Amino acid sequence: MKVAVFSTKSYDRQFLETANTEHHHELVFFEPRLTPATATLASGFPVVCVFINDQITAETLQTLAANGTQLLALRSAGFNHVDLQAATELGIRVVRVPAYSPYAVAEHAVGLILMLNRKLYRAYNRVRDDNFALDGLLGFDIHGCTVGVVGTGKIGQCFAQIMGGFGCRLVGYDVYPNPACLALGMEYRELPDLLANADIISLHCPLLPATYHLINSDTIAQMKPGVMLINTSRGGLVDTRAVIQGIKTGTIGYFGTDVYEEEADLFFEDLSDQVIQDETFQLLQSFSNVVITAHQAFFTRNAVAEIAKVTLNNITDFEQGRSCSNEVKAEEKVVHASGSH
Ligand code: NAD
């Protein structure tokens, strides 16, 4: 099938072309994001393939539908950026990649914890500068800490397993407790209880109306002073200004994040020769106890290869008229517990 691939980076092209040797679709790669303004690029393409920061609004979908698009293939698990109602009304089906590598994201969350605790970013630069002093690098034993896992699905479970290996006490909060996490010894608590007891809090729930700004000034006030907060899930889970305030007062002792609520204007691009206009982001960056990565938690060769494989399988299912278990229906937006990458 003719597939218009938007938001293409070199690695998308490489992995999709490799996976396509088994499918033989006609892939045409576009670097721009899919927006209402770029949607006409997909004229005549029955399939459009998109990533997380594409703007799949009703307006975009209307242009796609008018120009012959029938299938939207998401290279992501999350579909919170898609107007599913509009897609249904316009007869455009939507498929996604529900899971590709929970290990990739969970391991990155652990990487942020180690980076912040042992100040590896500072240590690396110091040694390169022949500065071998240890002042300012003091960390703490992760062994024995209480780790709060908010959202104990596929990624939260992997994360809990790793932290259990460190010798941490595991406390979880989820609307549906996960038996595998209970088997790891996790104790489920209400959110205020988790916040009050955790030394490290890691967010692994989807962004939904119910979880938007889950971390705000009220919930930060319930946290242990000096807590470490990790977000590898979705920027919108965290009220960034409230986190900045929490860092200033010392309630938040460390903040590691792979996502940012306004990341669509920043992440995935080289902006190193530009003046960043987002003052909140710049302020956040300025703190020495903050580490930000640019939505790279998913970015392992295993995960990217799996995303390409499942995306092309989904398209082939559609081409051959088979039902696809990865199809997203409009009603799932509220019911399904995924708003993820
Ligand atoms: P999952 O669906 O397996 O697990 C999500 C869990 O969150 C479920 O157990 C669900 O019951 C729970 N949940 C739903 N609503 C909740 C609420 N209101 N409060 C607490 N828990 C709630 O999803 P997953 O594969 O583990 O992915 C988790 C998140 O990770 C995704 O939603 C996505 O935002 C993020 N993610 C980030 C990256 C990245 O590169 N940074 C990559 C993949 C996924």
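Just so it is clear, the model here is predicted, and its values are computed rather than measured. Counting starts at 1 for both ligands and their atoms, in listed order.
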Original post:
Measuring from R118:CZ to I113:CD1, what's the distance to the nearest 0.5 Å?
Top reply: 13.5 Å
Original post:
Atom CD1 in I230, atom OG1 in T257: separation rounded to 0.5 Å?
Top reply: 8.5 Å
Original post:
Any side-chain heavy-atom pair from T280 and E262 closer than 4.5 angstrom?
Top reply: no
Atoms in ligand 1 with a heavy atom of [X] nearer than 4.0 Å:
X: H295; result: 39 (C), 40 (O), 41 (N)
X: Y173; result: 19 (N), 20 (C)
X: T232; result: 35 (C), 36 (N), 37 (C), 38 (C), 39 (C), 41 (N)
X: T211; result: 17 (C), 18 (N)
X: D258; result: 39 (C), 40 (O), 41 (N)
X: R234; result: 34 (O)
X: Y176; result: 11 (O)
X: V175; result: 11 (O), 13 (N), 14 (C), 15 (N), 16 (C), 21 (N), 22 (C)

Subject >> Cationic N near anionic O, under 4.0 Å, K309 to E22 >> reply: no
Original post:
Salt bridge between E269 and K9, side-chain N to carboxylate O under 4.0 Å?
Top reply: yes
Examine [X] against ligand 1 and note whether any of their N/O atoms are separated by less than 3.5 Å.
X: I155; result: yes
X: Y100; result: no
X: F298; result: yes
X: Q296; result: no

Original post:
At under 4.0 Å between heavy atoms, which part of H204 makes contact with ligand 1: side chain, backbone, both or neither?
Top reply: backbone
Any non-hydrogen atom of [X] lying under 4.0 Å from ligand 1?
X: L207; result: no
X: F299; result: no
X: D174; result: yes

Original post:
Considering the options L170, T232, T152, V147, which one meets the side-chain contact (heavy atoms from CB on, under 4.5 Å) requirement together with F159?
Top reply: V147
Original post:
To which of G236, G235, S233 does the heavy atom nearest atom 29 (C) of ligand 1 belong?
Top reply: S233
**OP:** Check each of A106, A99, A297, P206 against atom 7 (O) of ligand 1 and report the one with the nearest heavy atom.
**Re:** P206
Subject >> CA sep, side-chain torsions, deciding dist, call: E261, H213, side chain to side chain donor-acceptor pair (under 3.5 Å) >> reply: CA-CA 10 Å; E261 46 186 335; H213 283 187; 2.8 Å; yes
Original post:
Could you go step by step and tell me if D193 and N197 meet the side chain to side chain donor-acceptor pair (under 3.5 Å) rule?
Top reply: CA-CA 6 Å; D193 196 326; N197 286 293; 2.7 Å; yes
Original post:
Looking only at side chains, do T57 and T60 share a donor and an acceptor under 3.5 Å apart?
Top reply: yes
**OP:** Apply side chain to side chain donor-acceptor pair (under 3.5 Å) to S202 and H204, showing your working.
**Re:** CA-CA 7 Å; S202 194; H204 299 289; 2.8 Å; yes
Original post:
Given D258 and T293, is the side chain to side chain donor-acceptor pair (under 3.5 Å) satisfied, shown in steps?
Top reply: CA-CA 5 Å; D258 185 52; T293 53; 2.6 Å; yes
